[in-house]
Amino acid sequence: MITEKENESIKQAAEALKRNEIAAIPTETVYGLAANALSEAAVKKIFEAKGRPQNNPLIVHISEISQMEQYAFPDERAYLLAETFWPGPLTIIMKKREIIPLVVTAGLDSVGLRMPENEIARKIISLAGVPLAAPSANLSGKPSPTKAEHVKNDYAGKLDQNGKPLVRWIVDGGECACGVESTVVSLLDEIPVLLRPGFVTFEELRKVLPNLMIAPGVVQKIETEKPLSPGLVHRHYAADADTEGVEGESAFASLYINKESKNFQNPAVMCFRGEESLYSPDFRTAVYGDFKKPEELAKNLFDCLRELDGERHGKIFIRLPSPDGVGLAVYNRLLRSCEFQVTRCPPFAIGLTGQSGAGKGTIAKELEKHGFYHIDGDRLAGDAYADVQEELTEVFGEDILKNGVISREKLSQKVFSLPHGLDRLNPIIHGSILQKAIRIAERQAKIGRPSVFDGAALFESGADRLCKMVVAVVAPEEKRLPRVLKRDGISKEQALRRFSGQKNDDFYTEKSDLVLCNDGSCSVEFLAEKILKNLSEKK
Ligand code: TXA
Ligand code: MG
């Protein structure tokens, strides 16, 4: 429902737009800075007011689906999208008609059209009687405005050539429902492309356009000269403060942030609900929503960023959401806010692997002296069988049991008697070991301790992807042999048989971040220092 007061300012804004002035208007996504899209002079005022690069095209807002034909050449897919998602937060890029001036489209022969859902926005468009070109109403580069006061703050004290306020008409429609700009889909080619994620999600769009692709720039930094959408390359949504995105589970991310923040004055973190208590008390924490509710994160994203930025922090850490559904839109905006400065915080700081007898256990012990918690994969393997007993009997049958518990001997006989037996056993056992290791790492992270996970099957189990850094330890066979004989009390033949089944140096060199040769020529202390140095350089 539109109130009496709103009605008055809606009429004023519509009148101003008819006179080819600019006006800030609410939409369901973010506030837009609007002008008559058919007037070159009017549209130029938008670029001037925002300080927007001339090569970044504007979206044209319409109030009826039927108006698509007047400004563009919609095909069947365009109608399908419009009928499914309009009015709503979706912009469709199509070939433009002559009537749209080139200044709107930054010289391109295509135009983005959108029919907003916000009642006030549509009323202004129909009262103005013209389509409205409207980018987000922020100063170029700043976070988009989701409240009228954000627009007021951005343009406070800024005057035009006649000494009048630069943005004189601001229609206050309250807080925007979505909080992130519309989803942008290009229909210029046979294969439709998602250029900017938004509230209409990739998953929803796929149901209508099964061959829809995501433009590489959505979650990646692109350096190309001619991007599909110019908006993808500009510095965007940025705070004045130095910002850094942090990915990963709460416990591991907060461990990193607490440590890293010591390098900055007055640090702040924009985090998920429930994480506040994980940060040092002298930390400014601002919750922007629930990790499981990306719609909430989207709605508060820019407001929260603007609020923190106003407080002059030496550094703002931002927790990044999972990039799916509406989360992809939030993720995409935050990558740009942080100018792609992102740190991933997996469960294990260091993953150690290598050949048997190469000395990874010794190195892990050395790392303990530097404050790391040593999680020994081999030791966890012992309990792992008992934990997945049910699954194992399901796969290999009841005869792997002895007195009601798994017999390692019977199990191994069974496994080797079956084709691909090992391929069926490994994922079950590895999964169980990994889950235990992650739980341990989580407990350690909560008391501020990073973990080193030491596992012979680090790569085979997929654990390497859960490590910030993977270190392989190798050594020539003649060095490893005496170590193994002494440690495991096995015969030379048994040791050599074990070696023959192992991976060679090339395998480790290709897959690891760092390969250490522990042939006795350097001390363990030296090797551990080398790991720590590499770790601190790795972002
Ligand atoms: O939700 C929204 O779309 C808001 C509200 C005000 O409607 N508007 C908005 O506009 O976000 P703006 O200018 O901040 O973003 C427009 C995006 C840019 O990334 C631009 O590069 C892209 O749309 N775009 C516009 N026309 C295009 C075209 N012809 N080809 C490729 N990309 C285009
Ligand atoms: Mg914008």
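Computed from a predicted model, the values in this text were never measured in an experiment. Read the numbers this way: they start at 1 and go in the same order the structure lists the ligands and their atoms.
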Within the structure, does Ser136 bring an N/O atom to less than 3.5 angstrom of an N/O atom in ligand 1? yes
Under the criterion side chain to side chain donor-acceptor pair (under 3.5 Å), I'd like the reasoning laid out for Glu247 against Tyr256: C-alpha separation, chi angles, the key distance, then a yes or no. CA-CA 10 Å; Glu247 270 184 286; Tyr256 165 77; over 6 Å; no
Please list, in number order, the atoms of ligand 1 under 4.0 Å from a heavy atom of Ser110. 28 (C), 29 (N), 30 (N)
Subset of ligand 1 atoms that lie under 4.0 Å from at least one heavy atom of Ile93: 26 (N), 27 (C), 28 (C), 29 (N), 30 (N), 31 (C), 32 (N), 33 (C)
Just by modelled atom types, is the Ala41 backbone N or O under 3.5 Å from a matching donor or acceptor in the Asn20 side chain? no
Judging by distance only, is a nitrogen or oxygen of Tyr31 under 3.5 angstrom from one on ligand 1? no
Main-chain N/O of Ser136 paired to Lys50 side chain as donor or acceptor, under 3.5 Å: yes
Nearest-0.5 Å distance that lies between atom CZ in Arg206 and atom CG in Leu194: 10.0 Å
With only distance considered, is Ser182 within less than 3.5 Å of ligand 1 through an N or O on each side? yes
Of all the atoms in ligand 1, which lie at a distance below 4.0 Å from a heavy atom belonging to Leu108? 28 (C), 29 (N), 30 (N)
For Phe73, does the six-membered ring have the charged nitrogen or CZ of Arg97 within the cation-pi criterion, i.e. under 6.0 angstrom from the centroid and within 45° of the normal? yes
Any N/O of Glu181 closer than 3.5 Å to an N/O of ligand 1? no
Paired with Arg319, the salt bridge (Lys or Arg N to Asp or Glu O under 4.0 Å) test is passed by just one of Glu244, Glu275, Glu276, namely Glu275
May I ask you to check whether Ser140 brings an N, O or S atom to under 2.8 Å from the Mg ion (ligand 2)? no
Under 4.0 Å, heavy-atom basis, I'd like to know which part of Lys96 is in contact with ligand 1: side chain, backbone, both or neither. neither
Neighbour count above 12 (heavy atom, 6.0 Å) for Glu249 CD: no
For Ala134, counting its heavy atoms only, list the atoms of ligand 1 lying under 4.0 Å from any of them. 6 (C), 8 (N), 10 (O)
Relative to Phe317, does Lys315 satisfy both conditions: NZ or CZ under 6.0 angstrom from the six-membered ring centre, and within 45 degrees of the ring's axis? yes
Short list, please: which atoms of ligand 1 are under 4.0 Å from a heavy atom of Arg114? 1 (O), 2 (C), 3 (O), 5 (C), 7 (O)
Any heavy atom of Arg52 under 4.0 Å from ligand 1? The part involved is side chain
Hey, which atoms in ligand 1 end up nearer than 4.0 Å to a heavy atom of Gly32? 6 (C)
Could you pull out, from Leu188, Leu113, Ile59, Asn56, the option with a heavy atom nearest to atom 16 (C) of ligand 1? Ile59
Parallel, tilted or perpendicular for Phe453 and Phe348, by the 30°/60° rule? parallel
